[in-house]
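The structure displayed is predicted, hence computed values, not measured ones. Here is how names work: the chains are called A, B, and so on, in the same order as the sequence lines, proteins then strands, and each is numbered from 1.
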Amino acid sequence: MKTIKFLFSLLIVLLVYSNFAQAQQDYKTVQNFKARYQRIETDIKSADSLAQLIQLESTINQFESDYSANKSLFDKSLYPDDFNTSFEKLRKELAVRKTDFTQITALSTQVTNLNLQIGDLNKNNSLLLIQIRDLTEQSKVDKNKISQLEKTIYALRSSLRKRDELVMDMIDSLMPADLRNKGTLTNQEKQNIFSESQKKNILENIRRAIQENIRFLQVTSLKPDDIKTIKEKQQAFEKTWQSFGPKLIKIYSARHKNVSDAQKIDSAFTAWDTAITMEAWDSINNDFSNLGINLNKFTSGTEFTDVLTKYIRDEIKNAEIKVDSSKKDYEAFVDSAWFGNIKPIWVPYLIDNNMLSEAQKDTIETNIAKWKEVVNPGGSYLLYIAIALFILIFVVVVVIVKRKPKKKPVFEDEESETSEPSEES
Amino acid sequence: MKKLIIPGLLVIVLLAGCSNLILKPADFSWPIESVLKPDKNGNVQEKRYSLVFDTKELFLAETGDSLGYQNKELRIIRNPEGYYFMVANNFKNVYVFYPSEGALSLTNKIEISDSVGIKNPAFNQRPPYIELNYDNNKKVNLTKDGIKEEEK
């Protein structure tokens, strides 16, 4: 009985519906079509995955099939488009979005690989840093360890460079140049960047890259060329961060997540820059130390000049007391350290990077000259005599050459003829 | 005098020819009705067909209220002959207009209901007629002259 009642009700509903359908308004049909069209367009734009887009493909097919009976009405009323071009447009939008997702999928795979590689390199770097620290200690006792230390440092430097490049690639894939240069990002773009940066652990990777570079500087003693290369890398890295960091901080701020971590990256870059500057001063101090010259720590051009000047003045004062060792100290400092290493290798770097002025260099050299006077009092007098003697010899040679009578040009035969009798005589 | 007759006749024939120049057939029909909301001055604008006109007099004629256009929607469609059919919710009549110099002139007023205004009216283009749907399940075919009686 209940079934009969249900079927009867269903029949009434169907009759009413069919009557209504017959009295359907064209205007309403078109409006419904437009509304459904717009919904699908929105779904295409806001799709989060390729799977959703594939699903939408069948939705579009169904949509087209549902309304194809009224094709002629839509051809006239969807001005300036018609039924077919409307669906062509919709499918084109879908295809474009699909391409985006295909690229995103490819990039995600790439990023996963990058993550794995970065993880491996991070582990490797940590081990190498420990090895360097141990080898540095051992090499002080065992000189054979020095070459091993150098090899390990080289390996670490290569590993760091590779890891840093991977982190940069990761940043590029997170926010390509066109997005970085874009004034305002859409909410969708912001959301994508946020979720991708979370997945890629981007802040942690950048922070770690900076920290390990700083540690590398702390455990190694480098030459100006190495420092120059590291500085260039630091500047390129920082430039990349500045091009997308502020946008990333804004995105994090809006979501109240990891804001302080993002902000700390800025200060980490400053710390890295300071570490590079410090590395130069520490390496110079280390070079002096390797020659047995122990100087106080210096961290700027002024301190460097003061420390060296004070050292020289102390040496001048003590010259009379330690007569024997004074000359050795002088040779170690001036000949081996200053003229042998610091001046040709480090001073140009310091001056180029505005870490030392010409005037400060002159001050050090003036003091060196004073020290020289003390250690070798006759030295300069003898030098003047040597120079004067050299000039005198030069003048005498010139005068002799000028006073010699000029020979007339002769043929070879004549010369040989005339020369033969003289030889005999 | 005779010399003037022939050129004069030629001029008359030419002028007569110009005034009777007709381009046909022409189809003015809109595929679907437009639903337009009068602005605060009572004007409606149909962007696709570049049509703008004042609806105040129409609403006044139908409702007797000079502000009857406010918060209303006017439904309008044009038949193949070029006549405009207009109706709105609670109207008793469909108004038929034809364009004249800078105006739309009423050519017919078709009574749909004599007692109460019709509900949910909507036009469909069903050449040669304009179909009017109303009161959710009623429909009539209209021409510029009135309701087309269904053939028995």
Next item on the list: Starting at CD of B/Gln125, measure out to OG of A/Ser77 and round the result to the nearest 0.5 Å.
Entry: 11.5 Å
Note to self: Under a 3.5 Å distance rule, please check whether B/Asn124 uses its side chain to pair with a backbone N or O of A/Asp26 as donor and acceptor.
What the structure shows: yes
Next item on the list: Give me the contact list for residues 95-104 of chain B versus chain A, heavy atoms only, anything under 4.5 Å, ordered by residue number.
Entry: none
Note to self: Taking CD in A/Gln38 as the centre, count heavy atoms belonging to other residues, nucleotides or ligands within less than 6.0 Å. Is the count above 12?
What the structure shows: no
Next item on the list: Start with the C-alpha gap between A/Lys28 and B/Asn120, add the side-chain angles, then the distance that decides, and say whether side chain to side chain contact (heavy atoms under 4.5 Å, CB included) holds.
Entry: CA-CA 11 Å; A/Lys28 198 152 190 168; B/Asn120 302 324; over 6 Å; no
Notebook entry, point to check: Which residues from residues 63-92 of chain B are near chain A, with near meaning under 4.5 Å between non-hydrogen atoms?
Noted result: B/Arg75
Next item on the list: Please indicate whether A/Glu204 has more than 12 foreign heavy atoms, meaning atoms of other residues, nucleotides or ligands, lying under 6.0 Å from its CD.
Entry: yes
Next item on the list: Could you please state which residues from residues 24-35 of chain B sit under 4.5 angstrom from chain A, measuring non-hydrogen atom to non-hydrogen atom, sorted by number, or 'none'?
Entry: B/Pro31, B/Ile32, B/Glu33, B/Val35
Item checked: Residues forming a side-chain contact (heavy atoms from CB on, under 4.5 Å) with A/Glu165, sequence neighbours excluded -> A/Arg161
Item checked: A/Lys247 NZ: over 12 foreign heavy atoms closer than 6.0 Å -> yes
